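Take a look at the structure set out below.
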Amino acid sequence: MDIPRIFNITESAHRIHNPFTPEKLATLGAVLRLEPGTRVLDLGSGSGEMLCTWARDYGIVGIGVDMSQLFFSQAKLCAEELGVSDRVEFIHGDAAGYVTDEKVDVAACLGATWIGGGAGGTIELLAKSLRPEGIILIGEPYWLRLPPTEDIAKECFANAISDFLMLPELIASFGDLGYYVVEMVLADREGWDRYEAAKWLTMRRWLKANPGDDFAKEVRAQLTSGPKRYVTYAREYLGWGVFALMAR
């Protein structure tokens, strides 16, 4: 069980697998008013940075689930590095369908809502693990401005313009699902640059270390086209944020 290899390569040096900086993660924890003992579930937890830093800084306890063997291993190392192994647990497995035995105060999926077939299905899944009056966190992309063509949308990691909404429509969609938006923290260009540009050095070093790998052709193609594609399209059209939801 694992994610596609390209992500294990391009994001192998990432601590955060979305366009958030450490400062944005800290801000998110602060605006949620996390208290010691708060129970947090993170589906698609990546390398564990959110749970581990929140355990260190706010005293939460948490469970993270991720399909990547590499990211799962990195998450365990992160917990050891930050001295919070007794407060956070990481599970290598498929987050789709995962429900906790004990209800949590915060149930999150930041940037992996494909596990529920989209934001709506993922919110429904997270709600199964949530105590009454708990908070759901959803990390989702949105259009900063609508791409003028479907081809440009595809250059922004979408299959079609309809894959993402403008921010007002995204906010309204949460209300249509029966939730108040009670907080949000939005990524900025620096966060996007750090998320995307960090992949390029990682790919270049991977190619040097693995010149004969059968996958080298695909990695080289991404490294060749990725920087121009990103600054031309995604950097101009695509936003991303984390939205805190509570049931109406």
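Because the structure is a prediction, the values reported are computed rather than measured. The basis for the numbers below is simple: all heavy atoms, side chains too, and nothing from hydrogens, waters or symmetry mates.
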Kindly determine whether Tyr195 and Trp240 satisfy ring pair (Phe, Tyr, Trp, His ring centres under 6.0 Å), including the steps that lead there.
CA-CA 12 Å; Tyr195 176 55; Trp240 194 85; 8.4 Å; no
If hydrophobic clusters are built from ILVMFWY residues whose side chains come within less than 4.5 Å, do [X] and [Y] share one?
| X | Y | answer |
| --- | --- | --- |
| Ile6 | Phe71 | yes |
| Met203 | Leu201 | no |
| Ile135 | Val31 | yes |

Would you mind reporting whether [Y] and [X] have side-chain heavy atoms less than 4.5 Å apart?
| X | Y | value |
| --- | --- | --- |
| Asp57 | Leu34 | no |
| Trp206 | Thr10 | no |
| Ile63 | Asp42 | no |
| Leu51 | Phe90 | yes |
| Arg229 | Phe157 | yes |
| Val84 | Trp54 | no |
| Leu137 | Val106 | yes |
| Arg131 | Asp105 | yes |

Check whether any side-chain N or O of [X] sits under 3.5 Å from a backbone N or O of [Y] as a donor-acceptor pair, and report yes or no.
| X | Y | result |
| --- | --- | --- |
| Arg87 | Gly62 | no |
| Thr149 | Ile152 | yes |
| Asp188 | Gly191 | yes |
| Thr113 | Gly118 | no |
| Arg235 | Trp192 | no |

Write down the atom of Ile16, the atom of Leu25, and the distance for their closest heavy-atom approach.
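Looks like CD1-CD1, 3.7 Å.
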Do you know the tightest heavy-atom contact between Ala95 and Leu125?
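Nearest heavy atoms, Ala95 then Leu125: O-CD2, 3.8 Å.
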Give a yes or no on whether [X] atom [atom1] has more than 12 heavy-atom contacts from other residues, nucleotides or ligands under 6.0 Å away.
| X | atom1 | answer |
| --- | --- | --- |
| Arg33 | CZ | no |
| Tyr180 | OH | no |
| Arg189 | CZ | yes |
| Phe7 | CZ | no |
| Asp86 | CG | yes |
| Lys24 | NZ | yes |
| Glu124 | CD | no |

Assess whether side chain to side chain contact (heavy atoms under 4.5 Å, CB included) is satisfied between Val61 and Val88, documenting all intermediate values.
CA-CA 6 Å; Val61 294; Val88 293; over 6 Å; no
Can you check side chain to side chain contact (heavy atoms under 4.5 Å, CB included) on Phe215 and Val219, steps first, answer last?
CA-CA 7 Å; Phe215 209 63; Val219 174; 3.7 Å; yes
Check this for me, if you would: do Asp163 and Lys154 make a salt bridge, where the nitrogen-to-carboxylate-oxygen distance has to be below 4.0 angstrom?
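No, Asp163 and Lys154 are not salt-bridged.
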So does Glu155 pair up with Lys228, basic N to acidic O under 4.0 Å?
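No.
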Is the NZ or CZ atom of Arg248 positioned over Tyr179's six-membered ring, under 6.0 angstrom from the centre and within 45° of the axis?
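Cation-pi check for Arg248 and Tyr179: fails.
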Please assess Leu110 against Met50 for the test side chain to side chain contact (heavy atoms under 4.5 Å, CB included), listing each intermediate value before the final yes or no.
CA-CA 10 Å; Leu110 275 52; Met50 184 178 80; 3.7 Å; yes
For Trp143, give me all partners under ring pair (Phe, Tyr, Trp, His ring centres under 6.0 Å), at least two apart in sequence or on another chain.
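Ring pair (Phe, Tyr, Trp, His ring centres under 6.0 Å) list for Trp143, sorted by chain: Phe164.
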Any side-chain donor-acceptor pair under 3.5 Å between His14 and Ser47?
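Checked: His14/Ser47 side chains show no N/O donor-acceptor pair below 3.5 Å.
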Donor + acceptor pair across side chains of Glu190, Thr21 (<3.5 Å)
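Absent: no donor and acceptor within the cut-off.
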Identify the residue among Gln74, Arg15, His17 that makes a side chain to side chain donor-acceptor pair (under 3.5 Å) with Glu49.
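So the option named by the test is Arg15.
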Walk me through it: do His92 and Asp66 pass the test side chain to side chain contact (heavy atoms under 4.5 Å, CB included)?
CA-CA 5 Å; His92 175 232; Asp66 201 277; over 6 Å; no
Could you check whether the rings of Phe174 and Phe243 sit parallel, tilted or perpendicular, using 30° and 60° as the cut-offs?
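Phe174 and Phe243: tilted rings.
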Can you measure from [atom1] ([X]) to [atom2] ([Y]) and round to the nearest 0.5 angstrom?
| X | Y | atom1 | atom2 | result |
| --- | --- | --- | --- | --- |
| Arg220 | Asp213 | CZ | CG | 10.5 Å |
| Cys156 | Tyr233 | SG | OH | 8.5 Å |
| Leu32 | Ile60 | CG | CD1 | 11.0 Å |

